[in-house]
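All remarks here apply to the structure that follows.
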Amino acid sequence: MSTARFTVSPLSLPSQSNLQKQNQNQNPPWIPTPQLLCKYPILRHLSSCKTLKDLTQIHAQTITTGIFSDNFVASRILSFAALSPHGSIPYARFLFYRIRKPDIFIANTLIRAYAFSPNPIDAVVFYSEMTESSVVFPDVHTFPLLLKACSEIPSLRLGEAIHSHVCKLGWSSEVSVSNFLVQMYASCGLIESAELVFDRTPECDGASWNIMIGGYLKCGVFESARRMFEAMPDRDVVSWSVMINGYVQESRFKEGLGLFQDMMEEKIEPNESVLVNTLSACAHLGAMEQGKWIERYMERKNVRLTVRLGTALIDMYSKCGSVERALEVFHKMKEKNVLAWSAMINGLAINGQGKDALNLFSQMEMQGAKPNEVTFIGILNACSHSKLVDEGCGFFHSMTSIYGLKPNAHHYCCMVDLYGRAGMLDQAQTVIKSMPFKPNSAIWGALLNACRIHGDTELGEQVGKRLLELEPNHGGRYVLLSNIYAACGRWDRVSELRRMMRERQVSKTPGCSFIDLGDTIHEFVAGDSSHPQLEMIYAKLGEMSQELKAAGYKPDTAQETALCHHSEKLAIAFGLIKTDPGTTIRITKNLRVCADCHSATKLISKIYNREIIVRDRCRFHHFRDGSCSCMDFW
DNA sequence: GTAGGGTTAG
C-alpha cells in the first residue's frame, strides 16, 4: 500500500484551515506531469482545453505524430474526455476502443467516469465487457469504483456479484476495497452485512470508521453511529461532517445542530459541507440566530462565499422569514447558478412576495441563466400563494413549449394548489384528470386543502375518503377531513373519524412550535407540561386570553380540542415574556396554523404591538398590527 | 512518469 498519505506535505500543515485547503486549486487529473509535458509538449494544450472540439484537435495531432500509441499520452486524452465537464463519456469510450493495448489504468479512468455519471450501472456493464473479452485485468483500484457504482444505483445483486469477484481475486482484505464493500452494503440497507465486512477488515483506517458511521446513519441506526463516533480513535473533520450531515439528511435537525455546537466547542474547523448542512438544519428549524451566527463565523474566518454556501444562506434566511437578509446574501454572491436563483425565487414565493419572485425570474432570464424544474416549482408556488392564476398557467405551459422541461408530480401539485386556493375547484380537478400519471397523495392533499379553504364539504368528503384509502396511517389526513366536517357542524362524522383513528391506531403528528432565543431553541407541543418555566407561561396565556376577550375575540369552535393550548400560543406567550417589547417574535411550527390560532395571533400582534412571524408547514405568516401577510389565505 | 477512499444545495 502506498505510504504517500502519511507524509506531511505543506497542504496538511495544521496552520492551514480546512476551508482554505478546499479553496486551493489542485490540477485536474488529465493535466500531464512535468516529465510527460517535457517529452510531449503538445499535451500542454490540455490545460487550456475548453471544448470537446479542442480535444479532438489535440487527439488528431497525437495520431498524426504517432504519439497516441504511448499509453501515457492516450490516458491523458481519455481522462479529459471522461472526467472534464467539457468532455464526453461516449467519446472517452470511443477512444478506449482505439487504444491498441489499453492498460488497467485507462480502463479504471473510464469506469470512474461511469461510476460518477447519471447511469452508474454503465461502470459495471463496461467492467463485464472488459473482463469477458480479457482486454485488461482488474486491479485493486477497479473494485472501489465498481462498488461505488453499486452503492449509487443502488443494486445489492450487482454489489454481491462484485463482492464475489473481489473474493475470487483475493482483494477482500485490502482496506480500500473493504471500505467500499461496507459502503455498498449500507447503501443497500444491509447494515448487518456492512458490519460483518467492517469487523473482518484486518486493518481499518480512518475512512473505515467514517464509512461505517455513515452507513449506520443511512440505515437509521443512530445509537450505533453515535456510540462508534464517541469511541473512534481519532475523529477528524470528515468524521464530524459524516455525523452532522447524516443527522440532517435523516431530518434529525436538532441533533445535527447540537453536534455542530459540540464541534465548535472542540475547536474543529468546519468544512463547506458541514456549514451547508448545518445551515440546512437551521432552515428546517427556523433557527435564524444560529444561522446568523454561522454567517458571522464565515465572515470572521474569511470563508469564501461559494455558490453552495450562498444558496444555503439564502434558503436559511428565507425559511426563517427574513427575505431582506436572503436578498442581501443573493446580491453579495459573485457567482450564481440556477440553484441560487431558484432558492431566491422560492424564498420570495414562500414569504408571499409573488410579484417580486416573478420579477426575479425575468432578471434571471435576462442574465442568461437557464431555469430548470426546481425553478418552476418556486415560480408556481409564487403564483399560487399570491393568487396569480393566469400567470401561473402561462408559466406552466411555457415549461414545455419554451423551456423543453417536463412537468413532474410536484408541478402538477402546484397547479392543483394554484386553482384550488383560488377557489377554481373544477379546474383543479381537470388538471388531475389531464395528468399523464396517477395522482399521488400530495395532489389529492392539495385538492383537499382547497376544499377546506372554500368550504366544499361534498368534494372534500370524496377526496378525503380517497386519501384515507391511499394513506390509512397518515394522521394529518384524518385531521384535515375532520376539520372540514367540524366546519359545517357534522359532529357525528368528526367522532366517527376519531373512532377510525383509534381503531387503526393512527396517531396525529403532535403539533409543535419552536422559538429561537439565540442561545437555545425552545420547543413546545400542544398542552405542553414539560417546560421548566411552565407556570409563568400559563400565567401569560391567562393574561393573553383576557386581553383577547376584551378586544372582542371569540374562540373558533369549528376546530377541535385544546385550542387555547396549541403549541404556537405557548410559544408566543413565551416569546412575549422573554423578548424585549417591540421586537419581532419568530415561531416555526411543524403543521399548518389553525384558523383559531391565526385570528388570535392577528389580534395579539395588535394588542402587544409586536410583529409575529410564524412559519408553518407550507408558508410564512407575517402578523403585524392586527393583520397577516397571507391575507387570510393559506 | 499517471489514480484513491469518508461529505456538498429545493
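Reminder, nothing fancy here: chain letters follow the sequence lines and each chain counts from 1.
The stretch residues 35-49 of chain A participates, sequence neighbours left out, in these side-chain hydrogen bond (donor to acceptor under 3.5 Å, both in side chains) pairs: A/Y40-A/D70. Identified under the side-chain hydrogen bond (donor to acceptor under 3.5 Å, both in side chains) test for residues 367-378 of chain A, with sequence neighbours left out: A/S342-A/T375, A/N372-A/T375.
Counting any heavy atom pair closer than 4.0 Å across all strands shown, A/L339 reaches a base atom. Counting any heavy atom pair closer than 4.0 Å across all strands shown, A/V276 reaches sugar-phosphate atoms only and no base atom. A/S342 comes within 4.0 angstrom of no nucleic acid atom, judged by non-hydrogen atoms across all strands. Contacts of A/D315 with the nucleic acid, taken as non-hydrogen atoms under 4.0 Å apart, involve only primed sugar atoms and P, OP1 or OP2.
Closest contact between the side chain of A/R112 and the listed nucleotides B/dG1, B/dG5, B/dT7 involves B/dG5. Nearest to the side chain of A/S273, among B/dG1, B/dA3, B/dT7, sits B/dT7. Listed nucleotides: B/dT7, B/dG5, B/dA9. Nearest to the side chain of A/D205: B/dG5. If you check B/dA9, B/dG5, B/dA3 against the side chain of A/A207, the one that comes closest is B/dG5. Between B/dA3, B/dT7, B/dA9, one nucleotide has an atom nearer to the side chain of A/V307 than all others, and that is B/dA9. You'll find that the side chain of A/D139 is closest to B/dA3, out of B/dA3, B/dT8, B/dG1. Checking B/dT7, B/dA9, B/dG6 against every side-chain atom of A/D236, the shortest atom distance belongs to B/dG6. Of all nucleotides listed (B/dT7, B/dG5, B/dG1), B/dT7 comes nearest to the side chain of A/N245. Taking every side-chain heavy atom of A/Q183 into account, B/dT7 is the closest of B/dG5, B/dT7, B/dG10. Taking every side-chain heavy atom of A/Y40 into account, B/dG1 is the closest of B/dT7, B/dG5, B/dG1.
Applying the 4.0 Å criterion to OP1 and OP2 of B/dT7, one finds that A/Q249 has every side-chain N and O outside that range. Phosphate proximity of B/dG6 to A/R235: absent, as no side-chain N or O sits under 4.0 Å from OP1 or OP2.
In summary, of the residues considered (A/R226, A/E223, A/E195), a side-chain hydrogen bond (donor to acceptor under 3.5 Å, both in side chains) with A/Y216 occurs for A/E195 alone.
When rounded to the nearest whole Å, the span between CZ of A/F72 and C1' of B/dT2 equals 6 Å.
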